[in-house]
J.: 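Can you keep this structure in mind? I'll have questions shortly.
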Amino acid sequence: MTKSPVRIAITGGAGQIAYSLVFRIAAGEMLGPEQPVILHLLEMPSAMEALKGVVMELDDCAYPLLQGIVMTDDANIAFTDVDYALLVGAMPRGPGMERSDLLKTNATTFKTQGQALNAHANHNVKILVVGNPANTNAYIAMHSAPDLNHKNFSAMTRLDHNRAVAQLAAKTGVDVNSVHNLAIWGNHSAIQYPDITHAIINGVKATTMVKPSWILDDFIPTVQQRGSMVIKARGKSSAASAAYAIISHMRDWVMGTDEWVSAAIMSNGDYGITEGLIYSFPVTVKDGEFSIVQDLEINDFSRTRMLANQQELEQERDMVAHLLN
Ligand code: NAD
Ligand code: LMR
């Protein structure tokens with residue numbers, strides 16, 4: 001093993017997503033089998049005992065790639081010299097709540113963590129915000145870290161992307177690997193826009209394979225409501241599928257992909273979306289940077305939904321403005 005270890009911060013280390021995530025990262029699933037890692041696990045003081053248990057289990061795996069563990073309840077320690085930061089730790093919603101209901105509770109966490117990342121992380125740190133409402137929490141963290149490039153920040157819509165691929169593949173009776181060029185636009189919320197206008201299945205336009213009524217009445221609401229449906233069924237929000245989406249998002253960000261995937265990144269005005277919002281776009285990745293897929297034709301149906309997402313994110317942005325002065 002010749003590579004130097006990289007440092008990966010994971011917040012909410014004793015939570016349910018982390019329990020599906022940290023073992024896979026330590027096994028090399030995120031950065032590959034040649035890349036040693038040091039895990040920095042951040043928790044609330046009240047969950048440090050539970051975190052100790054997670055660390056005992058990590059030790060007990062004797063992972064060849066795991067070269068160290070930092071366990072702390074102090075963000076300034078957790079983010080020191082980290083190359084990657086997975087901001088998972090935040091309160092999840094329960095039944096009957098919208099993700100934006102979490103904004104009040106979770107917003108200050110992302111301000112504090114943005115400041116700590118700014119002060120202590122490696123300046124090339126790649127940051128993925130998962131804690132909800134993920135887009136606006138990423139916006140808060142980004143604005144609290146003025147010395148870090150905005151390109152270092154992303155929020156997760158990969159789970160929505162994967163859900164959409166799975167639904168379309170099931171409906172058309174194909175393998176998930178046959179579905180390409182699908183997009184999630186906007187906010188990781190109940191009005192997100194899963195878009196199959198450009199999707200291709202085995203060389204055929206997906207829109208010729210399904211009825212418009214299925215797209216409108218089934219596909220879009222199913223993807224939008226999938227998080228709620230999982231909460232209703234499990235009594236807890238999605239965890240294993242979220243962990244897999246985190247690993248996929250980070251692996252693609254580091255290793256690159258020509259495949260369209262979806263990620264919420266800072267809008268630079270492409271497709272007319274308000275600059276500065278953390279908005280989900282279809283992207284590809286090269287040399288560690290996301291590129292928004294360009295020159296897509298946007299029909300009126302798509303435009304209306306994309307604008308609704310923009311407005312919702314503008315409202316969330318305005319709700320947290322007082323925190324960022
Ligand atoms: P959980 O309650 O099981 O775990 C969260 C952990 O974070 C807890 O152990 C808690 O003590 C810790 N925590 C809270 N505030 C913290 C802070 N300031 N610093 C460090 N640790 C902190 O929740 P979970 O199921 O793991 O979900 C975590 C978050 O991820 C929730 O907000 C959930 O809604 C969100 N989520 C997002 C997506 C997505 O696609 N973007 C998918 C699933 C879940
Ligand atoms: C999800 O999409 O599963 C997560 O954002 C959890 C939730 O609250 O829906």
Side-chain angles (χ1 to χ4, degrees), residues 1-15 17-44 47-48 51-52 54-90 109-110 112-131 137-138 141-142 144-145 147-156 243 245-256 285 287-290:
M1 207 180 292
T2 50
K3 284 188 175 177
S4 319
V6 293
R7 295 178 179 272
I8 306 170
I10 299 152
T11 72
I17 293 178
Y19 199 69
S20 290
L21 177 67
V22 294
F23 298 91
R24 302 182 71 171
I25 295 175
E29 285 186 45
M30 190 171 95
L31 298 176
E34 305 293 325
Q35 179 58 66
V37 297
I38 298 174
L39 299 182
H40 291 215
L41 304 177
L42 177 68
E43 252 303 344
M44 301 291 281
M48 287 308 282
L51 184 60
K52 273 187 202 161
V54 175
V55 170
M56 281 186 237
E57 286 202 71
L58 280 165
D59 287 343
D60 295 347
C61 294
Y63 287 116
L65 290 172
L66 183 56
Q67 299 217 338
I69 303 175
V70 175
M71 182 173 52
T72 179
D73 59 8
D74 181 345
N76 294 305
I77 296 172
F79 294 138
T80 294
D81 296 336
V82 295
D83 304 289
Y84 304 97
L86 311 179
L87 307 188
V88 179
T109 294
F110 290 87
T112 312
Q113 294 184 356
Q115 289 168 335
L117 282 161
N118 195 58
H120 303 291
N122 175 338
H123 271 211
N124 295 321
V125 61
K126 285 183 161 48
I127 300 159
L128 171 62
V129 176
V130 177
N137 288 337
M142 183 176 79
S144 306
D147 302 331
L148 298 181
N149 192 315
H150 65 76
K151 290 185 176 168
N152 299 18
F153 289 85
S154 64
M156 193 165 88
I246 292 170
I247 286 170
S248 307
H249 176 111
M250 294 305 296
R251 193 186 52 220
D252 286 344
W253 196 358
V254 175
M255 298 181 188
V285 190
D287 299 331
E289 280 198 20
F290 292 112

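Bear in mind the structure is a predicted one, so any value in this text is a computation, not a measurement.
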J.: Where is the tightest heavy-atom contact between Ala155 and Leu128, given as atom of each residue plus distance?
T.: C-CD1, 3.7 Å

J.: Checking side-chain contact (heavy atoms from CB on, under 4.5 Å) against Pro5, which of Leu65, Leu66, Leu39, Ile38 comes through?
T.: Ile38

J.: Closest approach of Asn76 and Thr80, non-hydrogen atoms and distance?
T.: O-OG1, 2.7 Å

J.: With rounding to the nearest 0.5 angstrom, report the CG to CE distance, Leu21 to Met250.
T.: 10.0 Å

J.: Determine yes or no for a side-chain-to-main-chain donor-acceptor pair under 3.5 angstrom, with Trp253 supplying the side chain and Gly288 the backbone.
T.: yes

J.: Run Ile8 and Ile25 through side-chain contact (heavy atoms from CB on, under 4.5 Å) and show every step you take.
T.: CA-CA 9 Å; Ile8 306 170; Ile25 295 175; 3.6 Å; yes

J.: Excluding sequence neighbours, so at least two apart, what forms salt bridge (charged side-chain N to carboxylate O under 4.0 Å, His left out) with Arg251?
T.: none

J.: Rounded at 0.5 Å granularity, tell me how far CG in Asn152 sits from CG in Asp147.
T.: 11.0 Å

J.: Kindly compute the distance separating CG (Leu148) from NE2 (His123), expressed to the nearest 0.5 Å.
T.: 5.0 Å

J.: Are any non-hydrogen side-chain atoms of Glu57 and Tyr19 less than 4.5 angstrom apart?
T.: yes

J.: What's the separation between atom CE in Met255 and atom CD in Gln35, rounded to the nearest 0.5 Å?
T.: 8.0 Å

J.: Test side-chain contact (heavy atoms from CB on, under 4.5 Å) on Lys52 and Val55; report intermediate values, then the result.
T.: CA-CA 5 Å; Lys52 273 187 202 161; Val55 170; 5.7 Å; no

J.: Run Asp83 and Asn122 through side chain to side chain donor-acceptor pair (under 3.5 Å) and show every step you take.
T.: CA-CA 6 Å; Asp83 304 289; Asn122 175 338; 2.8 Å; yes

J.: Val37 versus Gln67: any side-chain heavy-atom pair under 4.5 Å?
T.: no

J.: For Ala47 versus Ala14, what's the shortest heavy-atom pair and its separation?
T.: O-CB, 4.0 Å

J.: Between Gly13 and Glu43, which heavy-atom pair has the shortest distance, and what is it?
T.: N-OE2, 3.4 Å

J.: In sequence, state the C-alpha distance, the side-chain angles, and the governing distance for Leu87 and Leu117, and then conclude on side-chain contact (heavy atoms from CB on, under 4.5 Å).
T.: CA-CA 11 Å; Leu87 307 188; Leu117 282 161; 4.2 Å; yes

J.: Let me confirm one number: the CD1-CD distance from Ile127 to Gln113, rounded to the nearest 0.5 Å.
T.: 10.0 Å

J.: Answer yes or no: is there a side-chain heavy-atom contact under 4.5 Å between Ser144 and Phe110?
T.: no

J.: Passes side-chain contact (heavy atoms from CB on, under 4.5 Å), Thr109 versus Asn137? Steps please.
T.: CA-CA 9 Å; Thr109 294; Asn137 288 337; over 6 Å; no

J.: Would you check if the side chain of Tyr63 reaches a backbone N or O of Phe23 as a donor-acceptor pair within less than 3.5 Å?
T.: yes

J.: Grab the two heavy atoms, one from Met48 and one from Met71, that are nearest each other, plus how far apart they are.
T.: CE-CG, 3.8 Å

J.: Quick check: do Leu86 and Met30 have side-chain heavy atoms less than 4.5 Å from each other?
T.: yes

J.: Rounded to the nearest 0.5 Å, what separates atom CD1 in Ile10 from atom CG in Leu42?
T.: 10.5 Å

J.: Say whether, by atom type as modelled, one donor and one acceptor occur between the side chain of Thr11 and the main chain of Leu41 under 3.5 angstrom.
T.: no

J.: For His40 together with Tyr84, are the ring centres under 6.0 Å from each other?
T.: no

J.: How close do Ala145 and Asn118 get, counting heavy atoms only, and between which atoms?
T.: C-OD1, 3.2 Å

